[in-house]
2 protein chains.
Amino acid sequence: MKATSPHGRSELLRPDGSPVRVLVVDDESALADLLSMALRYEGWEVRTAGNGAEALRITRELRPDAVLLDIMLPDMDGLTLLGRVRNELPEVPVLFLTAKDAVEDRIAGLTAGGDDYVTKPFSLEEVVARLRGLLRRSGAAAARSESLLTVGDLVLDEDSHEVSRAGQEIHLTATEFELLRYLMRNPRRVLSKAQILDRVWSYDFGGQANVVELYISYLRRKIDAGRSPMIHTRRGAGYLIKPGE
Amino acid sequence: MKATSPHGRSELLRPDGSPVRVLVVDDESALADLLSMALRYEGWEVRTAGNGAEALRITRELRPDAVLLDIMLPDMDGLTLLGRVRNELPEVPVLFLTAKDAVEDRIAGLTAGGDDYVTKPFSLEEVVARLRGLLRRSGAAAARSESLLTVGDLVLDEDSHEVSRAGQEIHLTATEFELLRYLMRNPRRVLSKAQILDRVWSYDFGGQANVVELYISYLRRKIDAGRSPMIHTRRGAGYLIKPGE
DNA sequence: CAGGATTCTCAGGCTATTCACAGATAGCCG
DNA sequence: CGGCTATCTGTGAATAGCCTGAGAATCCTG
């Protein structure tokens, strides 16, 4: 059975019906807080650790369903920590946070086992989506739900990143895809430009607020072109998506 | 079960039936008082703090269901305070008050956790509506009520900002929407022009008092047009809305 | 490292919205 | 019925908010 989270979206639950448990390991507390807030809002139970020792303690105690791990840690190398965590919970899926330029190949090796990674600076939408993907695939989440989001005749596949309207394939860039996913995860709800910026753009984005308008414009061109519009502007409030007619 | 507030509107209650508790943090006492009055009128229990230290103390003591936080504080940076509050009450929803132009240069991640914000100068209707939205979604309020307001065949959706009468969609501007929401939240009750002005227009509005008449006129054109009128004038007293016939 | 795709800035243009003003209208009282 | 006042609403100007084209900068890919 699917439950409904505070904000009305369907959420992932553990097989016994309790909320999914996530451990966040990051030494930058601002980042840890940001992540923790976003994940809690998904309806998940979150614990944060600022170093390896703490992370291990919580791992034993909480037995999380997923771990979000920044591999640059002060006291203990992230990889060492990973080993110890794996010792405790061999099956737990891990989402790595890593700096952009960090040795890609090493990470690539790490993610071979079904884990995943996200580079800093990331967007919350991206982290949440990846984490959902890991949980979905790991079987920690009871409902091994579909990866499809549907609004009217518009379909978005979170796994394959494919989007189509009325059966016709639509190519989107990465940013367009994330924006659309955010809209589609909140259908019929007005989302302000600030909310969208906070969620879809990375936390260190310092640019003009009108990128949102710009990308809405791009999306409309690809999604609404000719057809009955699904993306609507609520002047002075924000944007929302809903099935056309 | 839903109780009824002093003025007859349905109100949000905590799961145990006690009133919702809100903490207001603002160093401008005039604003804090204004807000406090408006929120008390909603039937909520309100405490105000003028600085970060006080806010923290009250947070521990009161354990509020929501926090209204001005991010420009004298003693402690609003973000620092936010972190500490989150430390005490990880799940508490926060409504930020911020200057108009601050939004432009970025309030990274503020709305990330389902929080929300309102720019100064705001209208009380806006603040109350946002706060109600946060409470509704956070689950602090027992009645996880619909976002729909209904009077007769007139329906207003606070999430999608959509209004319809007898199933027929009606487009309203932002100001029209707020005015109608205020009327609909107080059905069959006469609201004076002064009350409406105080509530729907921002506190620094310096214009002619007849904007209210003007916007009532706009609303009638859109809502009552042709149909049996729902918006009524009580000459010398104000306006009220009630189901037509 | 070239070519293409993508992201983003900037600025012009446009429309919806807000609001002031003032004349028209309607209720109320004698 | 006449006059007074409260309310209604047409007109139009100023503005805010949004949209989008052009192009610079950056990133990716082979």
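Labels below follow one simple rule: chain letters A, B, ... track the order of the sequence lines, proteins then strands, and each chain is numbered from 1.
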Starting at [atom1] of [X] and ending at [atom2] of [N], how long is that distance when rounded to a whole Å?
X: B/E213; N: D/dC8; atom1: CD; atom2: P; value: 6 Å
X: A/I216; N: C/dC8; atom1: CD1; atom2: C1'; value: 16 Å
X: A/L219; N: D/dC18; atom1: CG; atom2: C1'; value: 16 Å
X: A/D204; N: C/dC8; atom1: CG; atom2: P; value: 10 Å
X: B/I231; N: D/dC8; atom1: CD1; atom2: C1'; value: 13 Å
X: B/L197; N: D/dT7; atom1: CG; atom2: P; value: 14 Å
X: B/H161; N: D/dG17; atom1: NE2; atom2: P; value: 15 Å
X: B/R234; N: C/dC28; atom1: CZ; atom2: C1'; value: 15 Å

(request) Produce a footprint string for nucleotides 17-22 of chain C: one letter per nucleotide, 5' end first; B if the base is under 4.0 Å from any protein heavy atom, S if only the sugar-phosphate is, - if neither. (result) SBBBBB
(request) Please work out whether the ring planes of A/F122 and A/Y203 are parallel, tilted or perpendicular, with thresholds of 30° and 60°. (result)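 Perpendicular: the ring planes of A/F122 and A/Y203 meet at over 60°.
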(request) Fit a plane to each ring of A/W201 and A/Y215, take the angle between them on a 0 to 90° scale, and name the class: parallel (under 30°), tilted (30 to 60°) or perpendicular (over 60°). (result)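 The arrangement is perpendicular - the two ring planes meet at more than 60°.
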(message) Once rounded to the nearest 0.5 Å, what's the spacing between atom CG of B/D115 and atom CG of A/D198?
(response)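 Answer rounded to 0.5 Å: 10.0 Å.
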(request) Grab the two heavy atoms, one from A/A129 and one from A/E158, that are nearest each other, plus how far apart they are. (result)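 Nearest heavy atoms, A/A129 then A/E158: CB-OE1, 4.2 Å.
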(request) Kindly say whether A/L95 contributes a backbone atom to a donor-acceptor pair with the side chain of A/D116 at under 3.5 angstrom? (result)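 No, because the side chain of A/D116 does not come within donor-acceptor range (under 3.5 Å) of the backbone of A/L95.
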(message) If we ignore hydrogens and angles and just use 3.5 Å, is the side chain of B/D26 paired with the main-chain N or O of B/D70 as donor and acceptor?
(response)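 Answer holds: no.
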OP1 or OP2 of [N] less than 4.0 angstrom from a side-chain nitrogen or oxygen of [X], does that happen here?
X: A/K193; N: D/dC18; result: yes
X: A/T233; N: D/dG17; result: no
X: A/S217; N: D/dT20; result: yes

(request) With heavy atoms under 4.0 Å as the rule, sort A/F177 into base, sugar-phosphate or nothing. (result)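 Result for A/F177 = nothing.
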(message) Under 3.5 Å, is there a donor on one side chain and an acceptor on the other for B/R220 and B/T233?
(response)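 Side chains of B/R220 and B/T233: pair found under 3.5 Å.
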